[in-house]
Every structure is written in C-alpha cells, then in structure tokens.
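Note that the structure is a prediction, hence the values are computed from the model and not measured. Letters A, B, ... are given to chains in the order of the sequence lines, protein chains preceding strands, and every chain is numbered from 1.
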Amino acid sequence: MKLVLNKDKMQIIREQDVVPFRNRVKEYATKIGMGIVNQTKLITAASELVRNMLKYGGGGEALIEVISQGRDNGIRLTFTDKGPGITDIPLAMKDGYTTGKSLGVGLPGARRLVNEFDIKSTPGSGTTVCIIKWKNG
Amino acid sequence: MDRIPILRMGQYLLVTIQIDLYDRLATNLESDLVQAVSKTGARGVLIDISALSIVDSFMGRILNNIGSMSKIMDAETVVVGMQPAVAITLIELGLELKGVHTALNVEKGMELLAAKINSAYEDPDEDEAGTE
C-alpha cells in the first residue's frame with residue numbers, strides 16, 4: 001500500500017523547463033533524506049525521461065510525489081505526454097535502440113537507475129512513464 | 001543567449017561548467033569548443049565538471065563528441081572533477097566516457113594533458129634516433 005504524502009505538478013514545454021524540474025526533484029529527495037548517490041540516480045533517470053517527453057512527445061506534464069510504503073519513503077515521478085505514443089515498447093526498452101540520433105540508453109538506462117519502472121503507451125494518444133526511487137532503495 | 005566561457009591558457013583551452021546545463025547550452029559548448037580549437041591551435045582541452053550534479057546520456061554524448069572532434073583537430077581532451085555519485089550513475093546508466101581522458105582534479109588533468117602533448121612531440125624524435 002503506497003501512501004501519497006505530498007504532490008507537485010510541473011508543465012514541461014520547453015528545454016529550459018528541464019533544469020528547474022530537476023532542481024524541484026532534488027529538493028523533494030533531499031527533504032526525505034535520500035542519499036546523494038540515490039538522488040543522482042533518480043535525477044539522471046528523470047532527466048532522460050523528461051528529454052524523451054520533450055523530444056518525442058512534444059512536451060507534457062511531470063508529477064512529483066512523495067510516497068511512503070511501510071517504513072520506507074520514496075519519490076514517485078510520473079511523466080505524461082500526448083505525443084504519438086510508442087508502438088513497440090519492448091523494442092524501445094532495448095539498449096542501443098533509437099529512432100533519433102541519440103545513443104539509445106535513455107529508457108533502458110533510466111529503468112536500471114530506479115527501483116520501479118512502468119511504461120504505458122497508446123499509439124496516437126500518448127505515453128505515461130512512472131518511476132519510483134525509494135530512499136534506501 | 002547563455003554561453004559557457006572558454007578560457008585560453010598557452011596551448012590549452014579551459015572550460016569550467018558552473019551551472020546545470022540544458023541541452024541547447026551543451027550543444028553550443030560543443031561547437032564553440034571545436035571552433036576555439038581550430039582558431040587557437042590549442043593542443044589540449046580541459047573540462048571541469050565538478051559543479052555538475054548529474055551527467056545524463058545527452059551530456060555524456062556531448063563530452064564524447066568533444067573528445068572525438070578535438071582529436072581530429074589534433075587536441076587531447078581531459079574531463080576532470082567528476083563527482084563519485086555521477087560516476088556510479090554513468091556506469092549504471094550504461095555510458096562509458098571512452099572518447100575522453102579523465103583525471104581526478106584540475107592539477108592531475110593538466111599533468112595528463114602536458115604528458116600527452118609532450119609525448120606526441122617526442123615520439124617521432126625517438127623513432128629517428130632508433131633508425132640512425
């Protein structure tokens with residue numbers, strides 16, 4: 001059972017929105033006492049996902065939540081865009097696969113950096129990616 | 001528009017990234033640096049990332065690109081001051097900074113650059129000495 005303790009929404013429309021968003025995530029992670037390594041992993045994963053949202057989804061919304069489960073606290077981030085969606089999610093999650101000019105490590109790399117990773121996409125109507133990093137995860 | 005300053009010191013170019021970069025800023029730095037290498041004929045590029053709290057796949061690619069491009073322009077690149085948490089994250093992300101040299105701090109980075117550049121100068125002499 002995951003309880004939401006605090007939530008915050010940010011619109012990510014332009015590239016310049018990324019740095020304030022990363023700082024906001026850092027603020028919340030610091031507030032729950034997350035260590036520097038886990039913080040860095042979370043923010044790096046967030047940075048990858050937010051870039052994908054801008055590049056492929058034309059921007060969207062990022063939801064930051066402080067959650068608790070039992071004795072553990074964590075940060076849950078949900079990225080929602082109304083872009084073209086992903087037709088083949090297993091392929092998109094493969095290392096080295098990209099439809100752009102990038103390295104193709106964004107999605108699979110982000111999954112390795114967090115504790116829980118969930119991606120849902122409907123071609124034609126958008127993509128939602130949800131990640132959780134536990135304070136002691 | 002925002003720009004990251006590039007300082008010239010002798011045959012070196014020094015870049016200290018003091019703010020968290022968004023993508024456009026990083027791409028600008030890449031092209032500015034390569035142009036600066038060409039204009040000044042610099043033999044070494046030192047990039048200090050000690051103030052960067054994260055390096056994601058995009059920034060990693062930019063650093064690798066700078067290394068490869070400078071190499072073609074006959075300059076060595078060294079990235080210094082990476083925070084331990086950033087190194088841990090980079091490897092878990094699946095990125096290796098293969099295109100650039102790395103050093104713990106600015107001092108060691110400058111030593112490394114000096115050694116690389118000097119050895120590049122000395123090597124042909126040694127070969128000549130060997131054939132004589």
Side-chain angles (χ1 to χ4, degrees), chain A residues 12-27 29-30 34-56 59 77 92-98 100-115 117 131 133 137, chain B residues 1-5 16-32 34 48-69 77 79-100 102 104:
Chain A
I12 313 283
I13 310 297
R14 303 171 308 149
E15 239 179 49
Q16 285 89 325
D17 299 334
V18 173
V19 174
F21 166 72
R22 291 199 300 229
N23 291 342
R24 189 79 63 89
V25 174
K26 192 179 176 69
E27 261 170 50
T30 312
M34 190 183 280
I36 186 78
V37 173
N38 279 345
Q39 266 188 38
T40 307
K41 288 180 183 179
L42 172 67
I43 298 164
T44 307
S47 181
E48 300 291 348
L49 296 172
V50 102
R51 174 174 304 107
N52 279 354
M53 189 165 83
L54 276 171
K55 199 168 149 193
Y56 302 108
L77 303 176
M93 291 304 299
K94 256 173 82 173
D95 265 303
Y97 176 79
T98 178
K101 290 186 295 178
S102 60
L103 301 168
V105 300
L107 275 182
R111 177 163 64 179
R112 283 192 290 270
L113 292 174
V114 296
N115 300 115
F117 185 101
I131 58 174
K133 187 82 188 164
Chain B
M1 202 186 341
D2 298 332
R3 279 210 133 74
I4 307 286
T16 308
I17 303 174
Q18 299 281 6
I19 50 165
D20 275 317
L21 299 174
Y22 53 90
D23 294 2
R24 179 65 52 79
L25 213 50
T27 349
N28 283 348
L29 176 65
E30 176 187 288
S31 60
D32 287 354
V34 178
D48 172 32
I49 60 163
S50 57
L52 278 190
S53 54
I54 70 155
V55 173
D56 59 13
S57 67
F58 187 84
M59 192 56 206
R61 183 160 63 106
I62 294 285
L63 289 174
N64 272 334
N65 284 356
I66 289 174
S68 316
M69 291 171 182
T77 306
V79 170
V80 306
M82 185 182 289
Q83 294 179 16
V86 172
I88 294 170
T89 304
L90 262 184
I91 296 305
E92 237 170 85
L93 188 64
L95 264 188
E96 296 170 58
L97 289 184
K98 279 189 175 155
V100 291
T102 50
L104 215 48

[X] versus chain B, heavy atoms under 4.5 Å apart: side chain, backbone, both or neither?
X	result
A/V18	neither
A/N23	side chain
A/R22	side chain
A/A45	neither

Does anything in residues 46-54 of chain A reach chain B? List residues with heavy atoms under 4.5 Å apart, or say none. A/S47, A/E48, A/R51

[X] [atom1] to [Y] [atom2] distance, which is reported to the nearest 0.5 Å:
X	Y	atom1	atom2	result
A/Q16	B/D23	CD	CG	10.0 Å
A/I43	B/D56	CD1	CG	11.5 Å
A/Q39	B/T89	CD	OG1	10.5 Å

Of all the heavy-atom pairs spanning A/L113 and B/E92, show the shortest one and how long it is. CD2-CB, 3.7 Å

Nearest atoms (heavy-atom pairs only) where B/S57 meets A/V105: CB-CG2, 3.3 Å

For A/F21, give me all partners under ring pair (Phe, Tyr, Trp, His ring centres under 6.0 Å), at least two apart in sequence or on another chain. A/F79

Among the listed options [options], the residue most often paired with chain A at heavy-atom distances under 4.5 Å:
options	value
B/G94, B/A85, B/S53, B/G60	B/A85
B/L90, B/I54, B/V86	B/I54
B/L95, B/V55, B/D20	B/D20

Can you confirm whether B/I88 sits close enough to A/T40 that some side-chain heavy atom of one is under 4.5 Å from a side-chain heavy atom of the other? no

